[in-house]
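Small disclaimer: the values here were computed from a predicted structure and weren't measured. Along the sequence shown, the residues carry numbers beginning at 1. One-based numbering, in listed order, for ligands and for the atoms of each. For the numbers below, each heavy atom of this structure counts, side chains included, while hydrogens, waters and symmetry mates do not.
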Amino acid sequence: MEICCIPRRFPPMIPRLDRVPAFGSATVRCSALPNSENSGELSMGDRMFVLGTGFVGRFVAAELKTRGWAVSGSCTSAAKKKMLEDLGHHSYLFDANNPEDEILEILKNHTHLIISIPPVVGIGDPMLRHRGLLEGILSSGRIQWLAYLSSTSVYGDYGGSWVDEDYPPKPVSEVARARLAAEEEWLRLGQNLSIAAHVFRLGGIYGPGRSAVDTILKQEHLSDGQKTRLLKSYTSRIHVADIFQALHASILRPSPGKIYNIVDDDPAPRAEVFEYAKKLVKKNLPGHLKINACPEIAEPLPIQKTAMGEKRVSNARMKKELGVNLLHPSYRSGLRSIIEQMNR
Ligand SMILES: NC(=O)c1ccc[n+]([C@@H]2O[C@H](COP(=O)([O-])OP(=O)(O)OC[C@H]3O[C@@H](n4cnc5c(N)ncnc54)[C@H](OP(=O)(O)O)[C@@H]3O)[C@@H](O)[C@H]2O)c1
């Protein structure tokens, strides 16, 4: 489902207030656009707010700041706030279940918004429960572009066939149903308020600090969800640097109401990825591979295949319309870059 709307006139630009140097980021080569369009950033006064500065939010914030953007974001605990501030990120405490007017008012001064707060089963999208409040803020503020970070889980089961954004979503889990409802509502909100709203359906997210290599090195046990997913024939995934590429390209080329799958070219099974990660660790970080790292890989839980939402998700639209040239088309290059970064 896609909703189109007429882009509204952009509000007058105000001077940037919080230029902060960026920390903790290896700048991503953004290959999404030809040089003439790609070289500069947007006009003065562009300000991003990330609702939910988690793994993706932190990466995006760091990358935008290296490009001269002012970026702020939210988190839910004092410890996270301190961690974000130590990384140089401007951050506010914010609970979407109980949104404070003060923080919502701050949103008004931003031109771009990423919503990275996941939905909750039985509640839905916590932000959208306060729809009236949100509409008031967004309609009187400067937000002109927004991105809702969703998941490829909305497609449900397609028996391993390729699916693109034109395939009707058939979510099988409660959380995927909540995702789909949130997608539709954010797009509708954008349409009603003439804000260029977009949905990004992300595959399994990995990157420095969160990957099969990290799981093996930390000897983490897999969660039940991870164990059951080990049996899947296909798992979409995406390196966080490529998520940034797609978001950045959309900022430069908004397309109101558009939905994009953000996945790599290689929906390989998880067991294969873990095997590759183990080999990489063994070769590059000898002595760090413990015999018992992730024993579950050898013994996944028995589960009926139909419950697992088998499909291969196509990224053709992301490449064609956003011009994204993936930095990591497969988990292989993504994991190698993570190991190389660790070695450095
Ligand atoms: N992980 C995956 O493989 C995957 C795949 C597809 C889609 N997604 C979705 O894509 C988005 C970005 O992923 P991510 O890995 O960057 O997520 P993440 O690291 O879990 O970050 C989620 C953010 O939402 C905040 N948050 C959660 N509940 C909140 C609430 N009630 N009020 C305010 N803030 C709240 C968290 O706050 P704190 O920082 O204080 O915890 C955190 O900053 C998420 O919606 C995620 O569910 C994830």
Point to revise | E340-N343 side chain donor-acceptor pair, cut-off 3.5 Å | key: no

Check your understanding: Are the side chain of R210 and the backbone N or O of T215 linked by a donor-acceptor pair below 3.5 Å?
Key -> no

Exercise for review: Answer yes or no for R201 and Y155: cation-pi contact, defined as NZ/CZ to six-membered ring centre under 6.0 Å and angle to ring axis within 45°.
Suggested key: yes

Point to revise | Residue pair E100, E105: steps toward the side chain to side chain contact (heavy atoms under 4.5 Å, CB included) verdict | key: CA-CA 9 Å; E100 286 176 41; E105 282 294 323; over 6 Å; no

Point to revise | Neighbour list for ligand 1 [protein residues, heavy atom under 4.0 Å] | key: G52, T53, G54, F55, V56, C75, T76, S77, K80, F94, D95, A96, N97, S116, I117, P118, L149, S150, S151, R179, L202, G203, G204, I205, R210

Exercise for review: Test side chain to side chain contact (heavy atoms under 4.5 Å, CB included) on H89 and M83 and set out the steps.
Suggested key: CA-CA 9 Å; H89 299 309; M83 184 268 279; over 6 Å; no

Review point. So is K311 actually on top of Y234's ring, under 6.0 Å and inside 45° of the axis?
Key: no

